[in-house]
Amino acid sequence: MRLGYVCINMELQASKPKITCNRGMIRRTFLAKGLPYASELALQNVKDLSEIIRWNHAHDVEVFRMTSCLFPWASEYQLEQLPDYEEICKALKVAGDLAKKFGQRLSFHPGPFNVLSSPREHVVNNCIKDLEHHGEVMDLLGMPRSRWAKINIHVGASYGDKETALDRWCRNYERLSDTVTTRLTLENDDKASMYSVVDLAGVPYERHGIPIVFDFHHHRFCDGGLSEADALQLAACTWPAGVRPTCHYSDSKRIEYNDDTIRPQAHSDYIFNRIDSHGLDLDIVLEAKAKERALMRYREEYLATGT
DNA sequence: ATAGGTCAAGCGAGG
DNA sequence: CCTCGCTTGACCTAT
């Protein structure tokens, strides 16, 4: 299995000057400073993306989820409008070329506001806009239009009627361009009332062939009646040949801290259980608060060789 | 330089 | 009805 981490490299972010792809601003600042400042932040973000990719390679990390905050307020403009657009494109190409050279797999996980199943038109429009933005950035990185460069989301909401919501999800999915549809995946939820692997293997997979990202931790709260092994197997079968299935893994912070005031769904700082890939070849993204440090510690504790 | 209050979006859960 | 949490805490101002 190959392990990855998400969005932030704590070591690089703590360095001086800091290396991060997360520069952003609040609304008030965006209104005051506008596109030139958004452009400046985006340029720094995409340049630093290369630095994180280099760090990953130097530490044998081949799976990395990029932040969705590369472009502050991306929903409010076209990338071409940014003053530094040309330079931004070059920096993205550099980052993408590096990742490809290193065999490093990059992905996106747009946020919880992407609800393609919503009955509200403006919610769906915003979602489509955000997904298209992610697709566009993947293209600018030079990433393939395949699930190798996945854009992963949740169904988003059920409104008390999963079947109707899934049908709406599928109809709205058809409005997406190839930059998104070729890369889109769906992840199982962490609430019993929401979407299990079984739900996702139904309509979304049957109608559109959407692969399922299996989240081990979420499955503990929404299992659709399947064991972990069976759910993982089912999810893995939805991936096209030649593309290694991706999973998410976290442990429970509640157990880590032995504190039952913490919600059981909360992600742990570190991974303290051995991950069981059930015999499958997987890319496993660690969703741990300690980011790359959690990955390093897991390797030391569970994958150390020679002893 | 650090602390504390503030901050886009949609939804469901818990108080 | 309000707050929290989620992909991911980061930004901004006052001290």
Side-chain angles (χ1 to χ4, degrees), chain A residues 4-10 12-14 16 18 20-33 37-38 40-41 44-45 48-49 52 64-77 106-131 133-134 137 150-162 165 168-169 172 184-195 213 215 217-218 221-222 246-250 252-254 260-269 285-292 294:
Chain A
Y5 67 101
V6 299
C7 301
I8 295 167
N9 182 300
M10 296 179 79
L12 293 178
Q13 183 155 271
K16 303 228 171 191
K18 74 174 173 185
T20 177
C21 299
N22 264 333
R23 296 176 187 83
M25 57 187 149
I26 62 173
R27 177 181 166 80
R28 191 169 71 238
T29 307
F30 180 57
L31 292 175
K33 300 192 175 181
Y37 189 52
E40 188 183 315
L41 294 180
Q44 293 181 74
N45 285 341
D48 280 358
L49 179 57
I52 294 183
F64 178 65
R65 179 197 301 167
M66 298 176 287
T67 177
S68 284
C69 303
L70 284 170
F71 291 83
W73 295 92
S75 58
E76 304 304 310
Y77 52 84
L106 302 179
S107 67
F108 277 127
H109 193 350
F113 308 108
N114 285 275
V115 185
L116 211 46
S117 59
S118 179
R120 303 160 68 192
E121 186 62 14
H122 81 276
V123 172
V124 175
N125 288 340
N126 289 344
C127 174
I128 290 173
K129 192 184 290 180
D130 196 29
L131 291 176
H133 166 69
H134 285 84
V137 176
K150 75 187 159 58
I151 299 173
N152 177 53
I153 59 173
H154 292 258
V155 173
S158 63
Y159 311 93
D161 179 356
K162 286 194 276 192
R168 215 162 34 225
W169 192 95
N172 290 329
L184 203 63
T185 61
L186 279 170
E187 175 180 343
N188 55 310
D189 286 304
D190 69 354
K191 288 192 270 286
S193 67
M194 299 291 279
Y195 300 88
V213 171
D215 187 308
H217 190 48
H218 293 178
F221 306 97
C222 178
T246 301
C247 298
H248 293 173
Y249 192 94
S250 172
S252 174
K253 184 172 193 154
R254 182 189 196 124
D260 47 359
T261 66
I262 299 173
R263 11 186 330 271
Q265 292 94 339
H267 291 168
S268 55
D269 295 344
V285 178
L286 302 183
E287 293 186 321
K289 296 296 178 193
K291 309 300 179 200
E292 89 283 359

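Every value quoted in this text rests on a predicted model; they were computed, and no experiment measured them. Every heavy atom of this structure was used, including side-chain atoms; hydrogens, water molecules and symmetry mates were not.
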Could you check which of [options] has an atom nearest any side-chain atom of [X]?
X: Val123(A); options: dC11(B), dG12(B), dA8(B); answer: dC11(B)
X: Arg27(A); options: dC7(B), dC11(C), dT8(C); answer: dC7(B)
X: Val115(A); options: dT7(C), dC12(C), dC11(B); answer: dC11(B)
X: His218(A); options: dT13(C), dT7(C), dG12(B); answer: dT7(C)
X: Thr29(A); options: dC12(C), dC11(B), dT8(C); answer: dC12(C)
X: Arg120(A); options: dT8(C), dC11(C), dG10(B); answer: dG10(B)
X: His122(A); options: dA10(C), dC11(C), dG10(B); answer: dG10(B)
X: Met194(A); options: dT7(C), dG12(B), dC12(C); answer: dG12(B)

Touch check for [X], heavy atoms < 4.0 angstrom, all strands: base, sugar-phosphate only, or nothing?
X: Thr20(A); result: nothing
X: Pro112(A); result: base
X: His267(A); result: sugar-phosphate
X: Asn22(A); result: sugar-phosphate
X: Cys127(A); result: nothing
X: Tyr159(A); result: sugar-phosphate
X: Glu76(A); result: nothing

For nucleotides [N] and [M], find the distance between their [atom1] atoms and express it as a whole number of Å.
N: dG5(B); M: dT7(C); atom1: C1'; answer: 24 Å
N: dT8(C); M: dC7(B); atom1: P; answer: 24 Å
N: dT6(B); M: dC4(C); atom1: P; answer: 12 Å
N: dC12(C); M: dA8(B); atom1: P; answer: 11 Å

Round to the nearest Å and state the distance from [X] atom [atom1] to [N] atom [atom2].
X: Glu187(A); N: dG5(C); atom1: CD; atom2: P; answer: 19 Å
X: His154(A); N: dA9(B); atom1: NE2; atom2: C1'; answer: 16 Å
X: Phe108(A); N: dT7(C); atom1: CZ; atom2: P; answer: 17 Å
X: Lys191(A); N: dC11(B); atom1: NZ; atom2: C1'; answer: 8 Å
X: Ile153(A); N: dA9(B); atom1: CD1; atom2: P; answer: 19 Å
X: Tyr77(A); N: dA8(B); atom1: OH; atom2: P; answer: 15 Å
X: His217(A); N: dC6(C); atom1: NE2; atom2: C1'; answer: 12 Å
X: His133(A); N: dT7(C); atom1: NE2; atom2: P; answer: 19 Å

(request) Rounded to the nearest 0.5 Å, what's the gap from CG on Leu31(A) to CD1 on Ile26(A)? Could you check? (result) 9.5 Å
(message) Both Arg65(A) and Ile26(A) contact DNA chain C. Which one's nearest nucleotide lies toward the 5' end?
(response) Arg65(A)
(message) If you assign Val6(A) and Lys18(A) each to the DNA chain C nucleotide with the nearest heavy atom, which residue ends up on the more 5' nucleotide?
(response) Val6(A)
Mark yes or no for whether [X], through its side chain, and [Y], through its backbone, hold a donor-acceptor pair below 3.5 Å.
X: His218(A); Y: Asn188(A); value: yes
X: Glu292(A); Y: Met10(A); value: yes
X: Asn114(A); Y: Gly111(A); value: yes
X: His217(A); Y: Gln265(A); value: yes

(request) Check whether any side-chain N or O of Gln265(A) sits under 4.0 Å from OP1 or OP2 of dC4(C), and answer yes or no. (result) no
Base-pairing assignment for [N] (Watson-Crick or G-U wobble, both under 3.5 Å):
N: dT13(C); answer: dA3(B)
N: dT7(C); answer: none
N: dA9(B); answer: none

(request) Quick one: sort the His109(A) and His154(A) rings into parallel, tilted or perpendicular, breaks at 30° and 60°. (result) parallel
(request) Indicate whether Phe113(A) forms a stack on dG10(B); treat it as stacked only if centroid distance is below 5.5 angstrom and interplanar angle below 30 degrees. (result) no
(request) Identify whether the distance between the nearest side-chain nitrogen and carboxylate oxygen of Glu40(A) and Arg23(A) falls below 4.0 Å. (result) no
